[in-house]
Amino acid sequence: MAILFRSTPAATLRWRPLLAGLMSEHEIRYWPEIGDKLTIDYALVWQPEPGLLASLPNLKLIFGLGAGVDHLLRDPALPKGVPIVRLVDPYMTDAMSEYVALSVLRLHRQDLDYLAQQRAAIWEEREQKNAAERPVGILGFGTLGQDAARKLKSLGFDVAGWSRGAKDVPGFTTYTGAVGLDVLLARSEILVCLLPLTAETTGILNAAAFARLPRGAMLVNAGRGGHLVEADLIPALDSGQLSGAVLDVVGEEPLPAGHPFWHHPRIILTPHIAAETHPPTAAAIIREAIRAHEAGLPVANQVDLARGY
Ligand code: NDP
Ligand code: OXD
């Protein structure tokens, strides 16, 4: 059995020794040295070039090396009959919740203002709310959204979630659909985006959505850059409708030099690190999934192509 691994050169360096140790029974082929395409059974991929997967006629499963699968679904030649498994790794879930908690706390505790005051040598206290007085709305109430919600709730925040299907998550108010989105936006002083990027969610963070938020609301986008209409963010920040944004993802990554986000005083940027794939835990999860599949058992976390996530 042969497994194709295709990711960035840096990731490949980290994965190689792990896969050699954990899957020594399998032949692992590292792109671009993929050998005979007919003999590849499984593909472990991050941002594969369009057409690569279609060129492997005997693939049994495709593993996306991340929680999001937009990097796979944008391939027009994606083989439709091969199941895609996305990465659901508790290690990554914890990492994302750390990022969300950090970002929400920074915005809630007026970090941007206090940093600006420090730079200007101003010692001045600002009025501060308690977490219980700060409603947080999470767009995308799945694996990552619900874990972040629980951790924010334990810090005292009043958290609600929005998902595609109706949900009963004890302790949280949940919303669905366009009407539910409006209600969630109207109550959210901090809006967190943890959605997958699909045709339905592209551009959801736009001027109309910002206008529905309470004045001075704040945004955390750790979903995908394509969720945000970038041209709408700076006017919303400059007008005071939004008072801060934390962006882990942007439309073009790396963010181009000279992009206005780099130096905007109300934007905190990180380079898509909110929840990086963690090879030691991810490799073990993938090994178990391959074992299950080879044993004829169902494999969890398969992507629904019709939904797009
Ligand atoms: P899940 O599939 O577990 O959750 C996705 C959530 O979004 C679900 O609640 C789903 O609804 C909801 N959703 C999807 N489409 C819609 C829609 N049209 N309207 C309303 N809700 C919708 O995914 P994860 O939580 O594991 O991951 C979410 C995303 O986070 C990934 O797709 C990826 O883009 C991003 N991510 C970013 C990382 C980073 O480092 N910045 C790292 C990892 C992930 P329902 O529950 O009804 O299905
Ligand atoms: C992911 C990511 O989807 O790192 O896992 O963005």
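Values below: all heavy atoms of this structure, side chains included; hydrogens, waters and symmetry mates excluded. Ligands are counted one by one from 1 in listed order, and the atoms in each one are counted from 1 as well.
Per-residue contacts place T201 under 4.0 angstrom from the following atoms of ligand 1 (heavy atoms of the residue considered): 15 (N), 16 (C), 17 (C), 18 (N). Here is the list of ligand 1 atoms found below 4.0 Å of a heavy atom in M96: 37 (C), 38 (C), 39 (C), 41 (N), 42 (C). Listed by number with element, the atoms of ligand 1 under 4.0 angstrom from any heavy atom of L194 are 28 (C), 29 (C). Against a heavy-atom cut-off of under 4.0 Å, M92 is close to the following atoms of ligand 2: 5 (O). Taking a cut-off of under 4.0 Å to the non-hydrogen atoms of A274, the atoms of ligand 1 that pass are 39 (C), 40 (O), 41 (N). Residue L195 approaches ligand 1 through these ligand atoms, each under 4.0 Å from one of its heavy atoms: 7 (O), 12 (C), 13 (N), 21 (N), 22 (C), 29 (C), 34 (O). Each of the atoms 39 (C), 40 (O), 41 (N) of ligand 1 lies under 4.0 Å from some heavy atom of H272. Residue A222 approaches ligand 1 through these ligand atoms, each under 4.0 Å from one of its heavy atoms: 35 (C), 36 (N), 37 (C), 38 (C), 39 (C), 41 (N). Distances below 4.0 Å separate heavy atoms of R224 from the following atoms of ligand 1: 33 (C), 34 (O), 35 (C), 36 (N), 37 (C).
The distance criterion of under 3.5 Å between nitrogen or oxygen atoms is met by F141 with respect to ligand 1. Considering backbone and side-chain atoms alike, L144 places an N or O below 3.5 Å from some N or O of ligand 1. At least one N/O-N/O distance between E200 and ligand 1 falls below 3.5 Å. At under 3.5 Å, a nitrogen or oxygen of G68, whether backbone or side chain, sits near a nitrogen or oxygen of ligand 2. Considering backbone and side-chain atoms together, I273 places no N or O closer than 3.5 Å to any N or O of ligand 1. Close N/O approach between G145 and ligand 1 is not found [any backbone or side-chain N/O within under 3.5 Å]. For V249, no nitrogen or oxygen atom sits less than 3.5 Å from a nitrogen or oxygen atom of ligand 1, counting backbone and side chain alike.
Protein heavy atom at the shortest distance from atom 41 (N) of ligand 1 is D248 OD2, 2.9 Å. Protein heavy atom nearest atom 19 (N) of ligand 1, with residue, atom name and distance: W162 CH2, 3.3 Å. With respect to atom 40 (O) of ligand 1, the closest heavy atom belonging to the protein is A275 N, 3.0 Å. Regarding atom 4 (O) of ligand 1, its nearest protein heavy-atom neighbour is G142 CA, 3.3 Å. Looking at atom 47 (O) of ligand 1, its nearest protein heavy atom turns out to be G165 N, 2.6 Å. The shortest contact between atom 6 (O) of ligand 2 and any protein heavy atom is with H272 NE2, 2.6 Å. Of all protein heavy atoms, the one closest to atom 35 (C) of ligand 1 is G223 O, 3.7 Å. Counting only heavy atoms of the protein, atom 5 (C) of ligand 1 lies nearest to P196 CD, 3.6 Å. Of all protein heavy atoms, the one closest to atom 10 (C) of ligand 1 is Y309 OH, 3.5 Å. Of the protein's non-hydrogen atoms, A67 N, 3.3 Å is the one closest to atom 1 (C) of ligand 2.
Put simply, the side chain of S243 never gets that close to the backbone of G240: no donor and acceptor are under 3.5 Å apart. Judged by distance alone, the side chain of E124 and the main-chain N or O of Q117 form no donor-acceptor pair under 3.5 Å. Under the 3.5 Å distance criterion, the side-chain polar atoms of Q241 are matched with a main-chain donor or acceptor of F210. Without hydrogens or angle criteria, Y114 side chain to R126 main chain gives a donor-acceptor distance under 3.5 Å. The closest donor-acceptor contact from the side chain of H227 to the backbone of V249 lies at 3.5 Å or more, if one exists at all.
If you look at A275 next to ligand 2, the close heavy atoms, those under 4.0 Å, all belong to the backbone. With a 4.0 Å heavy-atom cut-off, ligand 1 is reached by no atom of T93.
Taking the side-chain hydrogen bond (donor to acceptor under 3.5 Å, both in side chains) definition, one finds that E294 meets it with Y42, K60, sequence neighbours left out.
Of the residues E27, M1, R29, the one that meets the side chain to side chain contact (heavy atoms under 4.5 Å, CB included) test with I40 is R29.
Between H71 and ligand 2 there is no heavy-atom distance shorter than 4.0 Å. At least one heavy atom of R224 sits under 4.0 Å from some atom of ligand 2. Heavy-atom distances between R86 and ligand 1 reach below 4.0 Å in at least one pair. Residue contacts with ligand 1: Q146 is excluded, as none of its non-hydrogen atoms falls under 4.0 Å.
Considering each of K167, R164, M92, the one bringing a non-hydrogen atom nearest atom 46 (O) of ligand 1 is K167. Which of G68, G140, G66 comes nearest to atom 6 (C) of ligand 1 through a heavy atom is settled by distance: it is G140.
Side-chain atoms of F63 and I290, non-hydrogen and from C-beta on, do get closer than 4.5 Å to each other. Residues T143 and R86 have side chains in contact (heavy-atom distance under 4.5 Å, counting atoms from C-beta outward). In this structure, T174 and D168 have side chains that are not in contact, with every pair of non-hydrogen atoms separated by 4.5 Å or more. Inter-residue side-chain proximity for L139 and L205 is flagged as met; some heavy-atom pair is nearer than 4.5 Å.
Remark: R109 CZ is loosely packed, at most 12 non-hydrogen atoms of other residues, nucleotides or ligands lying under 6.0 Å away. Atom CD of Q118 sits in a sparse spot, with 12 or fewer heavy atoms from other residues, nucleotides or ligands closer than 6.0 Å.
Between D158 and R134 there is no salt bridge, since none of the side-chain N atoms of the basic residue sits less than 4.0 Å from a carboxylate O of the acidic one. D182 has no carboxylate O lying under 4.0 Å from a charged side-chain N of R187, or vice versa, which leaves the two without a salt bridge. In summary, E49 and R6 engage in a salt bridge, as defined by a charged side-chain N under 4.0 Å from a carboxylate O.
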